[in-house]
Number of protein chains: 2
Amino acid sequence: MQDIDAIDRTILSILSQEARIPMKSLAGRIGLSRSATTERVTRLEKAGVIRGYRADIGQLEEGTIQAFLLVTLKRTPSIGVLDRLAGFSTVRKVSSVSGQLDLVVEVEVGSINALNELRNEVATMDNVEDLTTSIVLRRDIERS
Amino acid sequence: MQDIDAIDRTILSILSQEARIPMKSLAGRIGLSRSATTERVTRLEKAGVIRGYRADIGQLEEGTIQAFLLVTLKRTPSIGVLDRLAGFSTVRKVSSVSGQLDLVVEVEVGSINALNELRNEVATMDNVEDLTTSIVLRRDIERS
DNA sequence: GATGCATCCGGCAATATGCCGGTTGCACCG
DNA sequence: CGGTGCAACCGGCATATTGCCGGATGCATC
């Protein structure tokens with residue numbers, strides 16, 4: 001039961017496209033009963049494979065500023081830092097990476113002020129050793 | 001009806017965290033009736049503000065490797081480099097940024113080998129002074 | 001003050017969910 | 001071998017949610 005089998009993968013691929021689909025319809029598509037499907041989804045949620053369900057929001061406004069925060073931690077794993085980052089609605093994406101850096105945080109804020117405040121908040125988190133901020137001047141390439 | 005007012009913003013922020021929440025509960029949280037809430041959400045969907053609902057999958061797709069290439073150029077603007085980068089289908093996103101770095105390049109490759117080859121290609125481009133590669137170990141947060 | 005329109009509300013039938021007991025296949029063990 | 005435990009499945013019933021409707025309200029327009 002620890003494995004993610006073919007059915008689970010089908011479930012993940014459907015839910016990653018249509019997260020609000022009724023369990024009954026999902027069950028129909030994968031050819032299982034509703035209860036078995038619900039059990040699988042619940043298991044995937046509890047196992048942390050499904051972290052949650054997000055609405056995919058289009059660009060809100062033109063006047064937004066995007067930036068990368070390149071974070072080096074004092075020690076990994078990043079206890080608490082991820083939770084705190086998730087609390088900021090301006091944080092768009094966080095990736096744990098290998099190498100000198102530990103986290104690449106992509107943010108989208110309304111003003112330079114907001115960026116500075118966010119930057120300060122992150123920089124003063126306990127476990128954060130170093131923080132480099134790079135404002136996106138231009139998006140040169142973006143593919144889907 | 002074209003505006004996105006404060007209530008809409010609340011809706012978006014809730015749905016971007018809990019996309020599968022019942023409309024009735026959402027209505028309760030924002031203090032509107034269920035039908036009014038549903039209408040607003042439907043409008044946001046039709047207007048393209050809500051592009052869809054995605055399950056947030058903890059583990060990355062198997063077999064694909066994502067990485068950040070942090071590029072410092074000898075001189076800006078990055079004549080030629082952007083064109084060459086655009087030629088690689090594995091390059092997903094390129095951002096010109098301020099600060100020490102000049103470019104943040106997000107790539108998605110099929111193997112470590114492919115990543116190394118890409119890395120070498122980029123590192124030996126005329127205008128590239130320095131190149132740091134960070135492989136994504138885990139995607140911690142991803143919103144739209 | 002009549003018209004059109006956006007937005008809201010509540011109600012009812014249809015549908016989906018939560019929760020349960022029951023069945024099946026399979027590995028393990030005395 | 002039969003017994004036991006277990007994971008995964010199914011279907012059913014009470015409850016919750018949705019889709020869809022008619023109707024109220026506020027507001028600008030003419």
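First the proteins, then the strands, lettered A, B, ... as listed; each starts at 1.
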Exercise: identify the closest heavy-atom pair between Ala36(B) and Leu32(B) = CB-CD1, 4.3 Å
Detail all sub-3.5 Å separations between protein N/O atoms and N/O atoms belonging to nucleotides 24-26 of chain D.
none

Heavy-atom nearest nucleotide on DNA chain D taken for Ser35(A) and for Arg20(A); more 5' hit belongs to Ser35(A)
Residue list, salt bridge (charged side-chain N to carboxylate O under 4.0 Å, His left out) with [X], at least two apart or on another chain:
X: Glu106(A); value: Lys93(A), Lys93(B)
X: Arg84(A); value: none
X: Asp5(B); value: Arg40(B)
X: Arg34(B); value: none

The complete set of salt bridge (Lys or Arg N to Asp or Glu O under 4.0 Å) pairs with one or both residues in residues 17-31 of chain A, sequence neighbours excluded, reads Glu18(A)-Arg29(A)
Among residues two or more places apart or on two chains, list those pairs meeting salt bridge (Lys or Arg N to Asp or Glu O under 4.0 Å) that have a residue in residues 119-129 of chain A.
-> none
Tell me which of Gly31(B) and Thr38(A) sits closer to the 5' end of DNA chain C, going by the nucleotide each one is nearest to.
-> Gly31(B)
Rounded to whole Å, how long is the line connecting atom [atom1] of [X] with atom [atom2] of [N]?
X: Asp8(B); N: dT7(C); atom1: CG; atom2: P; answer: 9 Å
X: Glu39(B); N: dG23(D); atom1: CD; atom2: C1'; answer: 13 Å
X: Leu44(B); N: dA6(C); atom1: CG; atom2: P; answer: 16 Å
X: Lys46(A); N: dA8(D); atom1: NZ; atom2: C1'; answer: 15 Å
X: Ile21(A); N: dT18(D); atom1: CD1; atom2: P; answer: 15 Å
X: Asp5(B); N: dT7(C); atom1: CG; atom2: C1'; answer: 11 Å
X: Ile11(B); N: dC8(C); atom1: CD1; atom2: C1'; answer: 13 Å
X: Ile7(A); N: dC10(D); atom1: CD1; atom2: C1'; answer: 14 Å

Looking at residues at least two apart in the chain, or sitting in another chain, which of them share a side-chain contact (heavy atoms from CB on, under 4.5 Å) with Gln100(B)?
-> none
May I ask you to say whether Asp56(B) pairs ionically with Arg51(A), meaning some side-chain N is under 4.0 Å from a carboxylate O?
-> no
Should Arg40(A) be listed as having a side-chain N or O under 4.0 Å from OP1 or OP2 of dC9(D)?
-> yes
Does Arg43(B) put a side-chain nitrogen or oxygen below 4.0 Å from OP1 or OP2 of dA6(C)?
-> no
Listing time: all N or O pairs from protein to nucleotides 12-16 of chain C that are below 3.5 Å?
{"from": "dA16(C)", "atom 1": "OP2", "to": "Lys24(A)", "atom 2": "NZ", "distance (Å)": "3.1"}

